[in-house]
**Q** 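First the structure, which I've put down as structure tokens, then a few questions once you've had a look.
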Amino acid sequence: MTIHERYMNIALTEAELAFDKGEIPVGCVIVFNDTIIAKAHNMVESLKDPTAHAEIIAITSAAEYLSSKQLPGCSVYVTLEPCPMCAGALVNAKIDCLYFGAYDHKSGSCGSVINLSSIKSFNHHFPVYGGICDMRSSDLLINFFKVRR
């Protein structure tokens with residue numbers, strides 16, 4: 001198992017927590033200096049907050065941990081390709097690198113529909129690696145929506 005798969009497995013554990021709470025199963029982990037400094041899962045339904053995506057909650061936690069509004073040196077692992085809101089937050093946080101599981105062909109904003117991580121006019125860019133543990137990520141989402149419908 002690679003280091004990226006190890007961190008993604010922890011993000012998947014977060015996604016499973018979301019699933020159990022009736023949230024869309026997305027989990028996120030933020031790593032700094034080979035240490036997990038934040039982990040979160042979707043809380044949109046629980047908090048009645050459309051911005052309570054796993055990435056946003058994890059970014060807030062990591063920023064608090066580092067006492068900084070920016071996250072240079074941090075890698076983000078998320079089970080689903082970020083939406084436009086979350087991709088924009090990752091740009092603003094100035095992360096070093098993004099790793100994600102399943103591609104989101106409807107609203108993925110790190111390569112599938114648009115790639116906010118590489119827009120030349122933005123003041124920050126970062127590399128993106130998708131498809132890490134993508135089958136587990138996809139299966140979790142598929143099972144969640146089967147139960148819901």
Side-chain angles (χ1 to χ4, degrees), residues 1-71 73-117 126-149:
M1 176 181 304
T2 69
I3 189 75
H4 303 302
E5 291 169 333
R6 188 172 60 115
Y7 289 134
M8 190 60 74
N9 279 325
I10 296 167
L12 281 159
T13 298
E14 285 292 317
E16 290 166 352
L17 292 172
F19 185 103
D20 293 343
K21 293 178 180 178
E23 300 277 356
I24 294 175
V26 176
C28 181
V29 170
I30 299 181
V31 177
F32 180 72
N33 289 339
D34 298 320
T35 300
I36 294 173
I37 62 167
K39 57 185 178 175
H41 55 272
N42 275 2
M43 302 271 303
V44 171
E45 301 299 327
S46 303
L47 297 176
K48 308 287 188 256
D49 179 355
T51 68
H53 290 199
E55 300 96 320
I56 301 298
I57 296 168
I59 288 168
T60 300
S61 181
E64 184 177 322
Y65 178 89
L66 294 174
S67 297
S68 174
K69 66 180 182 177
Q70 297 173 343
L71 306 176
C74 290
S75 294
V76 175
Y77 294 81
V78 64
T79 59
L80 179 65
E81 181 181 359
C83 71
M85 174 183 69
C86 294
L90 295 171
V91 169
N92 287 333
K94 299 188 185 319
I95 66 158
D96 273 14
C97 197
L98 170 67
Y99 302 90
F100 70 83
Y103 286 86
D104 183 346
H105 298 289
K106 292 183 179 178
S107 64
S109 297
C110 290
S112 289
V113 177
I114 191 171
N115 192 348
L116 295 181
S117 69
F126 53 87
V128 174
Y129 304 95
I132 300 166
C133 302
D134 59 332
M135 291 306 292
R136 268 187 71 202
S137 297
S138 294
D139 288 347
L140 196 56
L141 288 160
I142 290 165
N143 290 335
F144 176 80
F145 286 109
K146 275 185 188 174
V147 170
R148 297 271 306 228
R149 293 180 181 155

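As the structure is a computational prediction, the values presented were derived from the model and not from experiment.
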**Q** Distance-only, no hydrogens or angles: does the Ser137 side chain make a donor-acceptor pair with backbone N or O of Thr79 under 3.5 Å?
**A**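 Yes: the side chain of Ser137 pairs with the backbone of Thr79.
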**Q** Step through the shown structure and confirm whether more than 12 heavy atoms of other residues, nucleotides or ligands are within 6.0 Å of CD on Glu64.
**A**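 Open.
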**Q** Would you say the side-chain atoms of Glu81 pair up with the backbone N or O of Gly111, donor to acceptor, closer than 3.5 Å?
**A**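 The answer is yes, because a donor-acceptor pair under 3.5 Å joins these two groups.
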**Q** Of all the heavy-atom pairs spanning Asn9 and Cys133, show the shortest one and how long it is.
**A**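 So the minimum-distance heavy-atom pair works out to OD1-SG, 4.3 Å.
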**Q** Output the distance between atom OH (Tyr77) and atom CG (Leu98), rounded to the nearest 0.5 Å.
**A**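 Atom-to-atom, Tyr77:OH and Leu98:CG are 10.0 Å apart.
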**Q** Between Ser61 and Ile57 (side chain of the first, backbone of the second, donor and acceptor by atom type, cut-off under 3.5 Å), is there such a pair?
**A**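 It does not hold such a pair.
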**Q** If you apply the rule side chain to side chain contact (heavy atoms under 4.5 Å, CB included), what do you find for Leu66 with Cys74, and how did you get there?
**A** CA-CA 10 Å; Leu66 294 174; Cys74 290; 3.8 Å; yes
**Q** Please report the closest heavy-atom contact between Pro82 and Ala87, naming both atoms and the distance.
**A**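 Between these two residues, the closest heavy atoms are CB-N, 3.9 Å.
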**Q** Would you check if Val44 and Ile24 make a side-chain contact, meaning some heavy-atom pair closer than 4.5 Å?
**A**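 They are not in side-chain contact.
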**Q** Is any side-chain heavy atom of Val76 closer than 4.5 Å to a side-chain heavy atom of Cys28?
**A**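 Yes, their side chains come closer than 4.5 Å.
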**Q** Hey, mind stepping through Arg136 and Glu5 against salt bridge (charged side-chain N to carboxylate O under 4.0 Å, His left out) and telling me if it holds?
**A** CA-CA 11 Å; Arg136 268 187 71 202; Glu5 291 169 333; over 6 Å; no
**Q** Just distance, no hydrogens or angles: give the donor-acceptor pairs under 3.5 Å from side chains in residues 34-41, sequence neighbours left out.
**A**
{"from": "Thr35", "atom 1": "OG1", "to": "Asn33", "atom 2": "O", "distance (Å)": "3.4"}
{"from": "His41", "atom 1": "ND1", "to": "Glu14", "atom 2": "OE1", "distance (Å)": "2.8"}
{"from": "His41", "atom 1": "NE2", "to": "Lys21", "atom 2": "NZ", "distance (Å)": "3.0"}

**Q** Quick one: closest heavy-atom pair of Glu55 and Cys86, and the distance?
**A**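 Shortest heavy-atom contact: OE1-SG, 3.4 Å.
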**Q** Could I get the full list of side chain to side chain donor-acceptor pair (under 3.5 Å) partners for Ser68, not counting sequence neighbours?
**A**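 Result, side chain to side chain donor-acceptor pair (under 3.5 Å) vs Ser68: none returned.
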**Q** Taking all non-hydrogen atoms of both residues into account, name the closest pair between Pro25 and Phe19 and its distance.
**A**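 Here Pro25 and Phe19 meet closest at CB-CB, 3.9 Å.
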**Q** Output the distance between atom CG (Asp104) and atom SG (Cys110), rounded to the nearest 0.5 Å.
**A**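 The CG atom of Asp104 sits 10.5 Å away from the SG atom of Cys110.
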**Q** Are the side chain of Asp96 and the backbone of Ser75 linked by a donor-acceptor contact shorter than 3.5 Å?
**A**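 Checking the backbone N and O of Ser75 against the side chain of Asp96, no donor-acceptor pair under 3.5 Å is found.
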**Q** Nearest 0.5 Å please: distance from the CG atom of Leu140 over to the CZ atom of Phe145.
**A**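 Here the interatomic distance stands at 10.5 Å.
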**Q** Taking all non-hydrogen atoms of both residues into account, name the closest pair between Ala54 and Val26 and its distance.
**A**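 Shortest heavy-atom separation between Ala54 and Val26 comes out as CB-O, 3.6 Å.
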**Q** How long is the gap from OG on Ser112 to CZ on Phe100, to the nearest 0.5 Å?
**A**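 Ser112 OG to Phe100 CZ: 5.5 Å, rounded to 0.5 Å.
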**Q** Nearest 0.5 Å, please: how far is OH in Tyr7 from CD1 in Ile132?
**A**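 If I round to the nearest 0.5 Å, the distance is 12.5 Å.
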**Q** Are Thr51 and Met85 side-chain neighbours, meaning at least one heavy-atom pair lies under 4.5 Å?
**A**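 Yes - at least one pair of side-chain heavy atoms lies under 4.5 Å apart.
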**Q** Less than 4.5 Å apart, any side-chain heavy atom of Phe126 and any of Cys97?
**A**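 Answer no - side chains too far apart.
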**Q** Report the distance from atom CG of Asp134 to atom CE of Met8, rounding to the nearest 0.5 Å.
**A**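 Going from CG on Asp134 over to CE on Met8, the span is 9.0 Å.
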